[in-house]
Amino acid sequence: QVQLRESGPGLVKPSQTFSLTCVVSGDSITSYYAWSWIRQSPGKGLEWMGVIAYDGSTKYNPSLKSRTSISRDTSKNQITLKLSSVDPEDAAVYYCARGPLRVTVDNWSPVRYDRWGQGIQVTVSS
């Protein structure tokens, strides 16, 4: 049974950088999938942030690329999202999800992802 579990700070101050971790169990992050970070802000739809594939290659949403970094630790079977220079608009529920390769901000859809974490709420406030 594949499970994804996000963890990280629930409260971040404006202008700071935060990191979220997604620990994967039941599958290897080096298997033939792509692992994405997706967020949902209050009153808004889902926003695709970026992806790291089985080979470690990454793609990002151009609107967030300058502030976003996705990395992995294969020894711990986990992926990490780092978002810098946050502001209140970055407050959201952040999800990690397993999906197909070659997904991008232009062709992604939540139905293309077959496994999701439970999500983690991040609040941005001073």
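From a predicted model like this one, the values you see are computed outputs, not experimental measurements. By convention here, the first residue in the shown sequence is residue 1.
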Q: Step by step, work out the side-chain contact (heavy atoms from CB on, under 4.5 Å) result for Arg39 and Asp90.
A: CA-CA 9 Å; Arg39 69 181 183 179; Asp90 293 310; 2.8 Å; yes
Taking only distance into account, with no hydrogens and no angle test, what donor-acceptor pairs under 3.5 Å do side-chain atoms of residues 9-20 form with protein atoms, sequence neighbours excluded?
unit_1: Gln16; atom_1: OE1; unit_2: Lys13; atom_2: N; d: 3.3

Q: Considering non-hydrogen atoms only, spot the tightest contact between Val103 and Ala34 and give its length.
A: CG1-CB, 4.5 Å
(Q) Would the distance check show the side chain of Gln78 and the main-chain N or O of Arg72 forming a donor-acceptor pair, the cut-off being under 3.5 Å? (A) no
(Q) Starting from Leu4, can I reach Met49 by hopping between I/L/V/M/F/W/Y residues whose side chains sit under 4.5 Å apart? (A) yes
Q. Less than 4.0 Å between a side-chain N and a carboxylate O, is that true for Asp27 and Arg115?
A. no
Q | Nearest-0.5 Å distance that lies between atom CZ in Arg98 and atom OG in Ser36 | A | 12.0 Å
**Q.** Trp35 side-chain N/O to Ile29 backbone N/O, donor-acceptor pair under 3.5 Å
**A.** yes
Q | Donor-acceptor contact present, side-chain Glu6 to main-chain Gln118, <3.5 Å | A | yes
Q) Would you say the side-chain atoms of Ser28 pair up with the backbone N or O of Thr30, donor to acceptor, closer than 3.5 Å? A) yes
(Q) Show, in sequence, the C-alpha distance, side-chain angles and deciding distance for Tyr113 and Trp48, and conclude whether the side-chain hydrogen bond (donor to acceptor under 3.5 Å, both in side chains) test is met. (A) CA-CA 12 Å; Tyr113 289 83; Trp48 187 88; 2.9 Å; yes
Q.
For the backbone of Ile70 and the side chain of Tyr60, can you confirm whether one donor and one acceptor N or O come within less than 3.5 Å of each other?
A. yes
(Q) Does Val51 form a side-chain contact (heavy atoms from CB on, under 4.5 Å) with Thr58? I'd like the steps, not just the answer. (A) CA-CA 5 Å; Val51 63; Thr58 54; over 6 Å; no
**Q.** Trace of the side-chain contact (heavy atoms from CB on, under 4.5 Å) decision for Val24 with Gln3
**A.** CA-CA 6 Å; Val24 178; Gln3 293 185 326; over 6 Å; no
Q: Search all heavy atoms of Trp37 against all heavy atoms of Thr80 and return the closest pair with its distance.
A: NE1-C, 3.8 Å
Q: Please lay out, stage by stage, how Thr123 and Ser125 fare under the test side-chain hydrogen bond (donor to acceptor under 3.5 Å, both in side chains).
A: CA-CA 6 Å; Thr123 300; Ser125 175; over 6 Å; no
Q) Looking only at heavy atoms, what is the nearest atom pair of Val93 and Gly119, with distance? A) CG1-CA, 3.9 Å
**Q.** Smallest separation among heavy atoms of Pro110 and Trp116, with atom names
**A.** O-CZ2, 3.7 Å
Q: Group every Ile, Leu, Val, Met, Phe, Trp and Tyr by side-chain heavy-atom contacts under 4.5 Å, then state whether Ile38 and Ile120 land in the same group.
A: no
Q. Does Leu64 share a hydrophobic cluster with Ile52, counting links as ILVMFWY side-chain heavy atoms below 4.5 Å and allowing steps through other members?
A. yes
**Q.** Smallest separation among heavy atoms of Leu101 and Ala53, with atom names
**A.** CD2-CB, 4.2 Å
Q.
Contact between Asn107 and Arg112 at the side-chain level, heavy atoms closer than 4.5 Å - yes or no?
A. yes
(Q) Within a 6.0 Å radius of atom CZ on Arg5, are there more than 12 heavy atoms belonging to other residues, nucleotides or ligands? (A) no
Q: Would you mind reporting whether Leu81 and Thr68 have side-chain heavy atoms less than 4.5 Å apart?
A: yes
Q: With rounding to the nearest 0.5 Å, note down the distance linking CH2 in Trp108 to CD in Glu47.
A: 9.0 Å
Q.
Could you report the tightest heavy-atom contact between Gln121 and Ala92, atom names first, then the distance?
A. NE2-O, 3.4 Å
